[in-house]
There are 4 protein chains.
Amino acid sequence: MSETRARIVEAAQRLFHEQGYAATGIATILREADVRSGSLYHFFPSKEVLLEAVLDNYLEHLRPIVIGPIEEATSDPIERIFRLFDFYREAVLATGFSYGCPIGNLALEVGGGDGAVTRKLDANLAAWREAVEGWVRDAGPRMRKSVNASDFAALVLSVMEGAVMQARTSKSIARYDASVAEFRRYVGLLTEARGKA
Amino acid sequence: MSETRARIVEAAQRLFHEQGYAATGIATILREADVRSGSLYHFFPSKEVLLEAVLDNYLEHLRPIVIGPIEEATSDPIERIFRLFDFYREAVLATGFSYGCPIGNLALEVGGGDGAVTRKLDANLAAWREAVEGWVRDAGPRMRKSVNASDFAALVLSVMEGAVMQARTSKSIARYDASVAEFRRYVGLLTEARGKA
Amino acid sequence: MSETRARIVEAAQRLFHEQGYAATGIATILREADVRSGSLYHFFPSKEVLLEAVLDNYLEHLRPIVIGPIEEATSDPIERIFRLFDFYREAVLATGFSYGCPIGNLALEVGGGDGAVTRKLDANLAAWREAVEGWVRDAGPRMRKSVNASDFAALVLSVMEGAVMQARTSKSIARYDASVAEFRRYVGLLTEARGKA
Amino acid sequence: MSETRARIVEAAQRLFHEQGYAATGIATILREADVRSGSLYHFFPSKEVLLEAVLDNYLEHLRPIVIGPIEEATSDPIERIFRLFDFYREAVLATGFSYGCPIGNLALEVGGGDGAVTRKLDANLAAWREAVEGWVRDAGPRMRKSVNASDFAALVLSVMEGAVMQARTSKSIARYDASVAEFRRYVGLLTEARGKA
DNA sequence: CATGAATGAGTATTCATTCAT
DNA sequence: AATGAATGAATACTCATTCAT
């Protein structure tokens with residue numbers, strides 16, 4: 001793998017996250033990656049294909065960087081879900097409420113179509129959902145029997161994305177914490193009467 | 001009086017929603033509104049101020065266009081919440097999964113800063129939250145006593161935004177329905193044991 | 001005379017001097033004069049005609065504001081000339097070397113043509129020259145007989161304009177003082193041997 | 001190699017001189033240089049940096065184009081100074097009194113600040129002054145001992161700039177000739193009594 | 001006299017991309 | 001693989017000016 005290519009993807013990933021896709025010019029990526037335009041177009045025929053590479057990169061790093069550490073930190077599957085919320089909470093606070101979920105941001109900005117980009121965005125969201133889904137299945141016995149792991153994981157993602165959006169827009173962690181607290185109550189109700197339908 | 005100004009705001013509102021803020025050029029707004037550039041800048045000193053006007057417009061229309069009709073359709077406060085989810089569900093389906101929440105999209109695209117735009121985005125989210133919060137209070141007796149209306153409303157918004165995002169990205173209503181179904185189960189648990197803590 | 005008209009001329013005069021003619025937009029003049037565009041165009045059919053009014057205004061004020069006070073300050077005609085150099089020297093220093101002769105600046109910026117503007121610029125330069133010329137005539141007996149008052153006045157203006165330009169560009173009074181010192185030596189030579197050809 | 005860059009500087013130099021800096025649009029430069037906008041901005045990040053390049057170009061050509069030929073034409077140092085006045089006189093006449101000193105015009109239009117442009121303008125004026133200063137030193141023995149070459153050169157520049165301004169504004173060579181005639185008389189007085197203080 | 005909406009050509013500059021070397 | 005000159009359409013925005021009220 002070319003080191004130049006990696007530098008380009010790395011710079012693009014950071015800039016797309018910080019500024020958005022449309023707001024990030026190729027010139028800025030070139031400057032930040034210390035690369036000349038010809039090189040970029042040698043590896044990527046267009047800005048959109050570069051975005052696809054960025055999305056591939058996110059997907060490749062999801063398990064080693066995010067999911068792995070969480071699974072190492074605790075073996076309790078329900079605890080793992082809340083670790084995920086903590087992980088994002090920290091990111092929101094650390095960036096002074098400017099943090100947005102990289103995938104979520106791009107999904108809303110460029111996910112309206114149905115091309116390769118949207119498919120790769122969905123692949124990322126799916127990978128997240130599947131990780132959570134696995135934890136839910138592991139927690140199976142402690143939850144009501146009728147809980148559908150896949151649906152539950154979809155809710156987790158919805159809450160996460162919606163809560164980050166509210167934190168970022170309100171410049172306050174209050175709505176994030178409120179959303180997670182309500183979600184936690186839900187999990188409480190599901191587990192307190194374990195065994196029930 | 002200022003019919004021209006209204007046409008500009010209307011066109012900008014639609015285009016910002018359909019294509020995003022950065023991806024919408026002033027030239028496109030001018031063409032769609034059938035207005036010349038000087039006129040636009042007579043009313044709005046910059047594209048950003050025009051965005052502010054669009055956000056003001058969303059806020060002004062929230063009650064008459066969205067909240068009002070829902071409240072007329074049913075007097076049951078819990079039903080009203082699910083009507084909201086239905087409302088968005090229809091929009092997602094009707095646009096072939098290209099629909100995104102106008103405020104949510106803009107919040108993720110341009111809500112990272114802390115200027116007037118971000119404040120007006122938050123004012124819109126706050127208005128939505130307060131409308132839901134009012135319904136939750138009305139439903140008070142039917143829910144567990146300890147339910148915090150404000151927190152609960154924050155969760156509703158989170159689920160809504162996250163669910164729309166997943167529907168749009170996956171080009172399928174499945175994750176949307178899954179999120180809402182899980183949320184509905186939560187409401188069920190909160191109401192089935194009404195009077196409890 | 002309309003007070004509004006006066007405010008417009010006053011603002012335009014200041015702005016043209018500070019920023020130049022082309023660099024000063026009508027919008028800036030309107031803001032500074034607190035006037036609306038319709039009013040400005042009621043008095044002046046174009047920006048160029050406004051410039052003509054500014055030049056008329058300079059001409060009207062030359063004697064009462066500049067020449068008069070100098071003539072009151074000293075009755076020695078040669079002294080008067082050097083008072084003029086002092087007057088400009090103070091202006092250059094007081095503005096931190098950003099001062100340029102109002103007429104000179106405009107002459108170089110818009111004096112290339114041969115319309116009314118150029119003629120009014122020349123009328124201003126002529127009035128200055130004539131004032132100096134009068135002083136030279138008054139000093140007649142103290143100078144060599146062959147001194148041509150009109151030519152001498154032309155030199156005074158040349159030195160003044162060139163010296164201000166050098167001060168402004170070099171951000172230093174050195175070349176201004178050097179030019180005046182040399183000119184003073186010339187006057188010295190012309191007077192030391194008075195009566196000679 | 002960079003023939004395109006040279007064409008841009010050449011066109012800009014001519015247009016800035018003919019029309020002034022503010023009055024010259026980038027579009028005009030592009031048309032005259034037969035270059036597309038992207039190319040111009042490949043070499044010059046802004047119109048102001050292009051102006052800097054023009055000023056560098058003037059400085060580079062001063063000796064080979066102006067000073068050199070004059071020094072070749074005559075070895076008499078005082079004669080050289082008057083050749084300079086002749087050189088400008090011809091330019092004024094040849095252009096029908098529309099000629100302005102390129103450096104002087106720009107100095108008055110954009111020399112009010114203290115950035116790179118003003119510094120480069122001053123570098124040009126300094127180079128002119130130094131060339132004249134050298135001639136004055138060479139003429140040393142023929143002038144009064146106390147003549148300061150640097151001050152004298154400053155006067156030469158002042159007279160030149162002021163005289164060109166008057167010629168251009170009055171559409172007549174009279175004031176130019178008058179200024180030079182007076183200056184010539186000064187030189188006459190300085191040399192007639194050579195050896196004196 | 002004054003207002004301010006409206007015009008549309010014009011501004012400097014940035015865009016993603018191509019291509020010869 | 002890499003360079004950097006070159007492209008030309010597009011960008012947000014400003015300009016001097018007009019005109020109905």
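Order of the sequence lines sets the chain letters (A, B, ...), proteins ahead of strands, with each chain counted from 1.
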S.K.: Looking at B:R7 and B:E3, does any basic side-chain N land under 4.0 Å from a carboxylate oxygen?
M.R.: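 Here B:R7 pairs with B:E3 in a salt bridge, since their nearest N and O are under 4.0 Å apart.
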S.K.: With sequence neighbours excluded, give me every salt bridge (Lys or Arg N to Asp or Glu O under 4.0 Å) pair touching residues 40-50 of chain B.
M.R.: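 Residue pairs with at least one partner in residues 40-50 of chain B: there are none.
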S.K.: Could you give the CD1-to-C1' distance, from B:I29 to F:dC13, as a whole number of Å?
M.R.: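 In whole Å, F:dC13 C1' lies 13 Å from B:I29 CD1.
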S.K.: Do the side-chain N or O atoms of D:Y41 get closer than 4.0 angstrom to the phosphate oxygens (OP1, OP2) of E:dT13?
M.R.: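 For D:Y41, the contact criterion (side-chain N or O under 4.0 Å from OP1 or OP2 of E:dT13) is met.
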S.K.: Please give the nucleotide sitting opposite E:dT21 as a Watson-Crick or G-U wobble pair, both distances under 3.5 Å, or none.
M.R.: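 Partner of E:dT21: F:dA2.
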S.K.: May I ask you to verify whether the side chain of D:S37 and the base of F:dT7 hold a donor-acceptor pair under 3.5 Å?
M.R.: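 Answer no: no donor N or O sits under 3.5 Å from an acceptor.
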S.K.: Given atom CZ of A:F43 and atom C1' of F:dA2, what is their separation to the nearest angstrom?
M.R.: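 Roughly 9 Å, once rounded to whole Å.
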S.K.: Please report the distance, rounded to the nearest Å, between NE2 in A:H42 and P in E:dT17.
M.R.: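 That distance rounds to 17 Å.
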S.K.: Measure from the side chain of B:A27, starting at C-beta and using heavy atoms only, and say which of F:dA1, F:dT11, E:dA16 lies closest.
M.R.: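 Of the options given, the side chain of B:A27 lies nearest F:dT11.
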S.K.: To the nearest angstrom, how far is C:D34 atom CG from E:dT3 atom C1'?
M.R.: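 Between C1' of E:dT3 and CG of C:D34: 13 Å.
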S.K.: Give the rounded distance in Å between these two atoms: NZ of B:K47 and P of F:dT14.
M.R.: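 Rounded to the whole Å, the gap is 14 Å.
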S.K.: With no hydrogens and no angle check, is any side-chain donor or acceptor of C:E52 less than 3.5 Å from a backbone partner on C:K120?
M.R.: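 Checking the backbone N and O of C:K120 against the side chain of C:E52, no donor-acceptor pair under 3.5 Å is found.
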S.K.: Quick one: on DNA chain E, does B:S39 or C:R36 contact a more 5' nucleotide (nearest heavy atom)?
M.R.: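 The 5'-side residue here is C:R36.
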S.K.: Would you mind telling me which residue lines up with the more 5' stretch of DNA chain E, B:R5 or A:A23, judged by nearest nucleotide?
M.R.: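 Checking each residue's closest nucleotide, the 5'-ward one belongs to B:R5.
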S.K.: Could you tell me whether D:T28 contacts a base, only the sugar-phosphate backbone, or nothing, with contacts defined as non-hydrogen atoms closer than 4.0 Å?
M.R.: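 No contact at all - D:T28 keeps every heavy atom at 4.0 Å or more from the nucleic acid.
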S.K.: Does C:G38 reach a base, just sugar-phosphate, or nothing at all? Heavy atoms under 4.0 Å.
M.R.: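 The residue C:G38 makes base contact.
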S.K.: So does C:G112 get a backbone contact from the side chain of D:K171, meaning a donor-acceptor N/O pair under 3.5 Å?
M.R.: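 The answer is yes, because a donor-acceptor pair under 3.5 Å joins these two groups.
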S.K.: Quick check on DNA chain F: between A:V35 and B:Y21, whose nearest nucleotide comes earlier from the 5' end?
M.R.: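 Looking at DNA chain F, the more 5' nearest nucleotide goes with A:V35.
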S.K.: Whole angstrom is fine here: how far is it from CD in A:E48 over to C1' in E:dT17?
M.R.: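 Nearest whole value for this atom pair: 14 Å.
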S.K.: Of B:S46 and A:T4, whose nearest nucleotide on DNA chain F comes first from the 5' end?
M.R.: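 Mapping each residue to its closest nucleotide by heavy atoms, the 5'-most match is A:T4.
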S.K.: Whole Å only: how far is the CZ atom of B:R7 from the C1' atom of E:dT7?
M.R.: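 These atoms are roughly 13 Å apart.
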S.K.: Closest approach to the side chain of B:I26, judged atom by atom: which nucleotide of F:dA1, E:dA16, F:dA12 is it?
M.R.: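 Closest nucleotide to the B:I26 side chain: F:dA12.
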S.K.: Using only atom types and a distance under 3.5 Å, with no angle test, would you say the side chain of C:H17 pairs donor to acceptor with the backbone of C:G100?
M.R.: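 Here the side-chain-to-backbone pair exists.
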S.K.: Specify the separation, in whole Å, of atom CG of C:L30 and atom P of E:dA2.
M.R.: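 These atoms are roughly 13 Å apart.
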